[in-house]
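The structure presented is a predicted model; accordingly, all values stated were derived computationally and were not measured. Side-chain atoms are counted along with the backbone in the values below, which use heavy atoms only and exclude waters and symmetry mates. Both counts, for ligands and for their atoms, begin at 1 and track the order of listing. One-based numbering along the sequence shown.
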Amino acid sequence: SNEFFLIRFNSSSKWNRNMAKYKSTEQVMKIISDKNKIRNFGVIAHVDHGKTTMSDSLLAHSGIISPSSAGSALAMDSMKAEQERGITIVQANVTLHYQEGENDYVINMIDTPGHVDFSGRVIRSLRAIDGSVVVCDAVEGIMTQTETVTRMSLEERVRPVLYINKIDRLIKELRLTPEKMQETLASVVSNFNDLIDTYAEEEYKEKWKVSIQDGSVTFGSAKDRWAINIDIMKKKGVTFKDVIDAYSDSGNLEELIEKAPLADAVLGMVVKHHPPPHVAQKYRVPKIWKGDLDSDIGKSILNCDDNGPIVMMIVNMTIDPAAGPVAIGRLFSGTIKDGQTINIIDTKREGRVQSVNFFMSNVREQVGELGAGNIPALLGLTEARAGQTVASVKDIGLFEPSKYVSEPVVQMAIEPKHPKDLPQLVETLRKLTIEDPNLVIKIDEETGETIMAGMGVLHLDVAVNLIKDAKIEIITSEPLINYRETILGSSDAVMAKSPNRHNKIFMAVQPLEPEIAEMCRDGTLSEMKDKKETAQILRDHGWEPDIAKKVMRFDSRGNVMINGTKGVQFVDESTDSILSGFEEVMSEGGLTKEQVRNCKFTFTHFVPHEDTAHRGLSQLGPAARRACLGAFLSAEPMILEPMLAIEVRVPTDLIGNVSSVLQGKRGKVLDMQQKGAASIVIGEVPAVETFDISEKMRGQTAGKAIWNTHFKAWTPVPKSIGPTLLQEIRKRKGLSPDPPQANEFIDRD
Ligand code: GDP
């Protein structure tokens, strides 16, 4: 029924036939019974630097797909859409076998997406691994996304090592001499080490620098399937000169590939420089797990203890057409077995593990049980989602705040062309959102329309194509940009009465410190957290001690509500009602009914009716809502728009044309870098201006520009267009063109 699922299915049956050369399940299970023989790593890179080609080459070497199709089959790109666009969206994971002398290793490779629109997935993938191989194009060098993914890796204490790809281009295209080539490579290494210097924590700055001498840097051509590093050079007697010769007219490239296959060099580097799971967890867990390290559970996680309670973080949910949802994640502690009932901590639900599976190359196999430090794939946990923590015990810290999902900035309405297809569309959308938690589907309560929201125009494009692949004809609206509302100023306390006029609520608002707002959004500050701890964080940010302990609500959109009342009765029992009014305003602000961010509300005074019957939710909810709106609209409210970062690669003589396109779109050029014959223009442009940027860019550069964008920040809309934009958004929502005035919500006596 659904083509893209079938494609994957067919591909894996093709791989199945080539499984013969691979170690048997039994042998693999025996190897991983010694944790020293396990590695969990991922490949990260700037888009187009060769991550997919390299991963494919690694797979080929394990005899999973035939070597002749490696480099073109793009085995890791399991979705058709990815192949068409040439970008990797959904992570797949595969298990590779590597032998070094007498020692066998089982290496789990988690594929991470290259496109920054999907960086939520990159972070989750990083949770599961202990080391990363950063792929970097030798000609282009370190690019912005190389920097982003390396920084993310370091923030997760995942040790990065360097693979410099496309060496063939230095020889064939740039015709560099051996001296010049070494100079170029040395500068890539040194720029990479600058990143480590900038982003690594003090303790790892020196320890994690890479060097050619210790083999933490590998050079190669993923396309041609060879690679070398110092260890391979010594072992096989290969030199840089041999490489250059191999590409000369009389050279023998096949011989080089035979002598120095890519997998040997890269996997050798992984085994040597990436830690096994039990070693890594000792220093990674304090950074990534928000629980008590001195508790029994904490110790078990730190020690990667097979005999401790089960604690696993799910990093990916995929749907198997035959078996249903598959939860793939990192088991940090315990041994997980078929048939066990475990708790999904984030949602306080239970789930039953139907079967425990392990990837043998890229084929999922049932194995009955797996110990700590592995990457199990669990069937049966249909309610679980990527990012959640599952455990055999109930009350434990999370690996990732459940609220962690990137904010969608673009949305479109979607409906089936033929109404009879609606159930199938709903089912397809459900599958898409299980696999991609950053894709949000909601029903507009007023219009009944199905709305799909994502992180950029490209993100929605990919989803639309997947739906079409499922053979459903759909009609979509133009993509619409989401906005946010916030305030520039502060308000005095304003008062609003309840509908029965018997209760008075007083409310004031001022801007919330941006760092505090961010911590509300990422879940660091929430009511679920220990009150003493949250108060301490607020005091560290300059809050008065007695205010820091009076927060009634940390709103996940990045707002807070403080109880500033003194000696008034009935506040506690009215809290829920008041917060419901507050929540309503945070989700639909006073200007355009867009979400509110970065506001610090204070509930300053309360004059309640004596009788409970007259101060219920139906009275206090609306009063709180009106008080919040009155305060908000008195504090210089304004609209924020999503700003995208844009990176354009063009021939150097066309730089001027690119910057004029950006300027014509209210954008800015922030930086320019020369990379070989091309230049990279780094800039920013408002999302709302990007719908026809393709045509503009093509027109101005004769189609010679390649670019990508990703969400950067919510930024104030310029004064010159603010009022017009505000009216447009209101009209689009069927509201009167002018926003309400504060007075409409404020009562005077
Ligand atoms: P990804 O976006 O990082 O996954 O990059 P891909 O693996 O899709 O590669 C991007 C492009 O670079 C493709 O056209 C590849 O054929 C090409 N490519 C990959 N590795 C090499 C290499 O070693 N040498 C050359 N010349 N091209 C390569």
Does the ring pair (Phe, Tyr, Trp, His ring centres under 6.0 Å) test come out yes or no for F219 and Y163, once each step is laid out? CA-CA 6 Å; F219 312 93; Y163 167 67; 8.8 Å; no
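Nearest residue to atom 11 (C) of ligand 1 from H46, H49, E173, K166 is K166 (criterion: closest heavy atom). By heavy-atom distance, the residue among A227, S57, A222 lying nearest atom 23 (O) of ligand 1 is A222.
By the 4.5 Å heavy-atom criterion applied to side chains, V648 and M697 are counted as neighbours. Side-chain contact between V133 and M54: present, with at least one pair of heavy atoms (C-beta onward) separated by less than 4.5 Å.
For the pair D137 and K166, the salt-bridge criterion is met [side-chain N within less than 4.0 Å of a carboxylate O].
Using modelled atom types, one side-chain atom of K236 and one backbone atom of K259 make a donor-acceptor pair closer than 3.5 Å. In this structure, the side chain of R39 engages the main chain of V271 through a donor-acceptor pair within 3.5 Å. When atom types are taken as modelled, the side chain of N229 and the backbone of D231 share a donor-acceptor pair closer than 3.5 angstrom.
Of the heavy atoms in N165, only side-chain atoms (C-beta onward) come closer than 4.0 Å to ligand 1. When heavy-atom distances to ligand 1 are checked against a 4.0 Å cut-off, T53 comes that close through both its backbone and its side chain.
Among the atoms of D224, none of the N or O lies under 3.5 angstrom from an N or O of ligand 1. Between K51 and ligand 1, an N or O atom pair is found at a separation short of 3.5 Å. Between G220 and ligand 1, no pair of N/O atoms sits closer than 3.5 Å. By the 3.5 Å distance cut-off applied to N or O atoms, M54 is not counted among the residues near ligand 1.
Close contacts of ligand 1 with S221, meaning ligand atoms under 4.0 Å from a residue heavy atom, involve 22 (C), 23 (O), 24 (N). Listed by number with element, the atoms of ligand 1 under 4.0 Å from a non-hydrogen atom of R169 are 26 (N).
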